[in-house]
Trainee: 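Just dropping this structure here.
As the structure lists them, so they are numbered: ligands from 1, and atoms in each ligand from 1.
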Amino acid sequence: MTGRVLRVGAGQLGPIARDEPRHDVVARLIALLEQAGDRGVELLAFPELALTTFFPRWFTDDVSGHDHYFERSMPSEETKPLFDAATTLGIGFSLGFAELTEDGDRYNSTILVDGDGSTVATFRKVHIPGHQDDEPWRPFQHLERRYFLESDDGFGVWRCFGGLVGMATCNDRRWPETYREMGLQGVELILIGYNTPIHYAPDPGQNSLQGFHNHLCMQAGAYQNGTWVVGVAKGGTEEGVESLAQSAIIAPSGQIVAQALTTGDELIVADCDLDSCRRYKETLFDFARYRRPEVYQRIAGQKGVIEP
Ligand code: ING
């Protein structure tokens, strides 16, 4: 290792039951945090919606029917022990949670907290997959478009942990624009939590490819933008739905340097040399030298396909 090495962890979670109290989940998160402390981790990434079961799999007539899964403040009374433990250990972390704002807006959010306990930023998921209304033909729902707004904040990058850190959430990782938006800000580490059911009702033929697609999009995003990527799952069979685990830490080369072995609560760790990003940012992907935005109008200006 030569440069600015940041020891990063991914705190993968196994299933969270529908009625599992926040207190019990926070205890699981703190257990992972303590394992991370034993291994000298400086920044620990937790999954998307890490405090509760993936509730968009169930339809409620009134959208507020799931509001008990949302946080009205972060930290809250139930999550404060996690923040306190992290500050005591001097470990920064990212935590996915369902955010209910004072205005009554609902977002699929992730908070990034520095090692001294200060909040760096809160990211709100940009690409919201799934559907809006009950579709009884499905074995389970994916109603994120019913319960979460699409964030218009886009993708930020923050100077913290000795480098440039960004965030994305689950479906965001499937869109190349996600990585490039942060790549154009010089990002060196992207933290991505996900909850990904193996079964994809619109095309079950993709089920067997979920693991391949999961790593494909994150490895490509890492390589094409010269950045580290941490993908951290809530996996296992949660309320009867088999969800992808396979958390991974990916180098700017696109190589997977650490990967979860189980589908349960599991810590994986890697020493991320942030200076190694330059091997790609200053050669193949020297954006200032090689990119051609003057011929990319469609990417930013057009939503759907317009055939010739
Ligand atoms: N989950 C899924 C994801 O993008 C999904 C939605 C599932 C898409 C299966 C394709 C196949 O990983 C979330 N929470 O975005």
Trainee: On the 0 to 90° scale, with breaks at 30° and 60°, tag the Phe155-Phe123 ring pair as parallel, tilted or perpendicular.
Mentor: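 Taking Phe123 first and then Phe155, their aromatic rings lie parallel (interplane angle under 30°).
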
Trainee: Using 30° and 60° as the class limits, which term best fits the ring planes of Phe70 and Phe148: parallel, tilted or perpendicular?
Mentor: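 It falls in the tilted class, 30° to 60°.
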
Trainee: Which ligand 1 atoms are under 4.0 Å away from a heavy-atom of Glu48?
Mentor: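 The atoms of ligand 1 under 4.0 Å from a heavy atom of Glu48 are 14 (N).
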
Trainee: Is the number of heavy atoms from other residues, nucleotides or ligands within 6.0 Å of CZ (Arg138) greater than 12?
Mentor: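 It does: Arg138 CZ has more than 12 such atoms within range.
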
Trainee: Is it the case that ligand 1 has an N or O less than 3.5 angstrom from some N or O of Arg173?
Mentor: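 Yes; at least one N/O pair falls below 3.5 Å.
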
Trainee: Would one find more than 12 heavy atoms of other residues, nucleotides or ligands at under 6.0 Å from atom CZ of Arg289?
Mentor: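 No, CZ of Arg289 has 12 or fewer neighbouring heavy atoms, counting only those of other groups under 6.0 Å.
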
Trainee: In ligand 1, which numbered atoms sit nearer than 4.0 Å to a non-hydrogen atom of Tyr200?
Mentor: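 Answer for ligand 1: 9 (C), 10 (C), 11 (C).
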
Trainee: Cationic tip of Arg18 within the cone over Trp58's six-membered ring, i.e. under 6.0 Å and within 45° of the normal?
Mentor: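 Arg18 over Trp58 ring: yes.
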
Trainee: I need the contact type for His142 against ligand 1. Using non-hydrogen atoms and a strict under-4.0 Å cut-off, is it side chain, backbone, both or neither?
Mentor: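 It is the side chain that touches ligand 1; the backbone stays farther off.
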
Trainee: Report the nearest protein non-hydrogen atom to atom 9 (C) of ligand 1: residue, atom name, distance rounded to 0.1 Å.
Mentor: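 Answer, as residue, atom name and distance: Gln210 NE2, 3.2 Å.
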
Trainee: Suppose I only count heavy atoms of Thr196 and a 4.0 Å limit; which atoms of ligand 1 are within that range?
Mentor: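 Taking each heavy atom of Thr196 in turn, ligand 1 has 3 (C), 12 (O) under 4.0 Å.
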
Trainee: Just go through Asn195, Asn171, Ile192 and tell me whose heavy atom is the nearest to atom 1 (N) of ligand 1.
Mentor: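 Looking at heavy atoms only, Asn195 sits closest to atom 1 (N) of ligand 1.
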
Trainee: Does Arg291 make a cation-pi contact with Tyr296, if we ask for NZ or CZ under 6.0 Å from the ring centre and within 45° of the axis?
Mentor: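 No, Arg291 does not lie over the aromatic ring of Tyr296.
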
Trainee: Counting non-hydrogen protein atoms only, what is the nearest one to atom 14 (N) of ligand 1? Give residue, atom name and distance.
Mentor: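 Looking at atom 14 (N) of ligand 1, the protein heavy atom closest to it is Glu144 OE2, 2.7 Å.
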
Trainee: Quick one: nearest non-hydrogen protein atom to atom 7 (C) of ligand 1, plus distance?
Mentor: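 Heavy-atom neighbour on the protein nearest atom 7 (C) of ligand 1: Pro197 CD, 3.9 Å.
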
Trainee: With a 4.0 Å cut-off, would you call Glu48 and Lys125 a salt bridge?
Mentor: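 Between Lys125 and Glu48 there is a salt bridge, with a charged N closer than 4.0 Å to a carboxylate O.
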
Trainee: Cation-pi check for Tyr107 against Arg124: NZ or CZ below 6.0 Å from the six-membered ring centre and within 45 degrees of the axis, yes or no?
Mentor: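 Here Arg124 passes the 6.0 Å and 45° test against Tyr107.
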
Trainee: Taking heavy atoms and a distance under 4.0 Å, where does His199 meet ligand 1: side chain, backbone, both or neither?
Mentor: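 Neither; no heavy atom under 4.0 Å.
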
Trainee: Tell me: protein heavy atom nearest atom 13 (C) of ligand 1, and distance?
Mentor: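 Minimum-distance protein heavy atom for atom 13 (C) of ligand 1 reads Cys170 SG, 2.8 Å.
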
Trainee: Tell me: protein heavy atom nearest atom 8 (C) of ligand 1, and distance?
Mentor: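 Of every protein heavy atom, Arg174 NE, 3.8 Å lies nearest to atom 8 (C) of ligand 1.
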
